[in-house]
Amino acid sequence: MSNNHSKPAVQARAWQRMLSGRRLDLLDPSPLDVEISDIAHGLARVARWNGQTKGPNAFSVAQHSVLVWQISLRLKPQLSANWQLMALLHDGPEYVVGDMISPFKAVIGGDYKLLEERLLSAIHLRYSLPATTPQKLKTFIKRADKIAAYFEATHLAGFTTAEALKYFGKPGEMNPEGLTINPLTTHGAQKQFMQVFQSLENLRQENNQ
């Protein structure tokens, strides 16, 4: 006689344990489980351009985040400390989900975007920022992000100028001199990211006194 009783389904694990000891629920992330040390550690180990860049070191998302912050300040030197921090953290969710290239994101569609948005909201709330990036700032960061992508593409990822212009647009009159584009070591990228974060936190505290 056959046994038709099926075993109860095992619920898939949807959380990740971080080196800080936090356990982050990917489906319902809590700001209380977000730590900047985990973000910096993770982003410094995620390669931009799927690792297809020149040099002995990968160009990490941590370094890209600092580059976007640098460009944001060049575009708007009087940018508030809060907006600067949101520019630095714009790719924060990638410390959990990694850096998927744009063509792959387009294939996956909305579910991936929703996961990113939930994670970014948790990160923002952890550091007393608006849960949702204001549309004006989102547009501004996107502009800085495309300029960063243009410089990365032409300096590191083998794109011709024509290709970079087609996909990322013109970087305006901005000169890449002084921007941190040469890939750093993992340790260097993580340290740089933490230094910028801490400087912005100090500035925010000064402004609130």
| said: Checking S65 against D91: is there a side-chain donor and acceptor pair closer than 3.5 Å? | reply: no

| said: What I'd like to find out is whether the side chain of L88 reaches to under 4.5 Å of the side chain of F193, using heavy atoms alone. | reply: yes

| request: Check whether L203 and W69 end up in the same hydrophobic cluster, where Ile, Leu, Val, Met, Phe, Trp and Tyr are linked by side-chain heavy atoms less than 4.5 Å apart. | output: no

| request: Find out if a path of hydrophobic residues (ILVMFWY) with successive side-chain heavy-atom gaps under 4.5 Å connects L125 to V34. | output: no

| task | For atom CG of N182, decide whether the heavy atoms of other residues, nucleotides or ligands shown that lie under 6.0 angstrom number more than 12. | result | no

| said: Using every non-hydrogen atom in the two residues, find where S72 and A87 come nearest and quote the distance to one decimal. | reply: OG-CB, 3.8 Å

| field | Residues E201, R204: salt bridge by 4.0 Å N-O rule | value | yes

| Closest approach of A58 to T53 (non-hydrogen atoms, all atoms of both residues) | CA-OG1, 4.3 Å

| task | With the side chain counted from C-beta on, respond yes when H64 and H90 share a heavy-atom pair under 4.5 Å apart, and no when they do not. | result | yes

| field | Atom pair CG (L119) and CD1 (I39), whose distance is rounded to the nearest 0.5 Å | value | 9.5 Å

| query | Are K142 and K138 close enough that some pair of their side-chain heavy atoms sits under 4.5 Å apart? | reply | no

| message | Going by ring pair (Phe, Tyr, Trp, His ring centres under 6.0 Å), name the residues that satisfy it together with F140, two or more places apart in sequence or in a different chain. | response | none

| Within a radius of less than 6.0 Å around CZ of R143, do more than 12 heavy atoms belonging to other residues, nucleotides or ligands occur? | no

| message | Same cluster or not: L120 versus L114, using hydrophobic residues (I, L, V, M, F, W, Y) connected whenever any side-chain heavy atoms lie under 4.5 Å apart? | response | no

| message | For F159 and F168, take the angle between the two ring planes, folded into 0 to 90°, and tell me which bin it lands in: parallel under 30, tilted 30 to 60, perpendicular over 60. | response | tilted

| Side chain to side chain, L179 and I71, heavy atoms closer than 4.5 Å | yes

| query | Are any of the side-chain heavy atoms of I36 and L89 separated by less than 4.5 Å? | reply | yes

| query | Under a 4.5 Å side-chain heavy-atom rule over Ile, Leu, Val, Met, Phe, Trp and Tyr, are L73 and V196 clustered together? | reply | yes

| request: Could you state whether L32 and W15 fall into the same hydrophobic cluster, counting links through intermediate Ile, Leu, Val, Met, Phe, Trp or Tyr residues with side-chain heavy atoms under 4.5 angstrom apart? | output: no

| remark: On a heavy-atom basis, the closest approach of A153 and A164 is CB-CB, 4.4 Å

| remark: K54 and H155 have their tightest heavy-atom pair at CD-O, 3.9 Å

| task | Can you sort out the partners of R22 under salt bridge (Lys or Arg N to Asp or Glu O under 4.0 Å), two or more places apart, ordered by chain and number? | result | E35

| message | For Y127, give me all partners under ring pair (Phe, Tyr, Trp, His ring centres under 6.0 Å), at least two apart in sequence or on another chain. | response | F197

| query | Side chains of P130 and M86: closer than 4.5 Å at any heavy-atom pair? | reply | yes

| Side chains of R118 and L26 in contact at under 4.5 Å (non-hydrogen atoms) | no

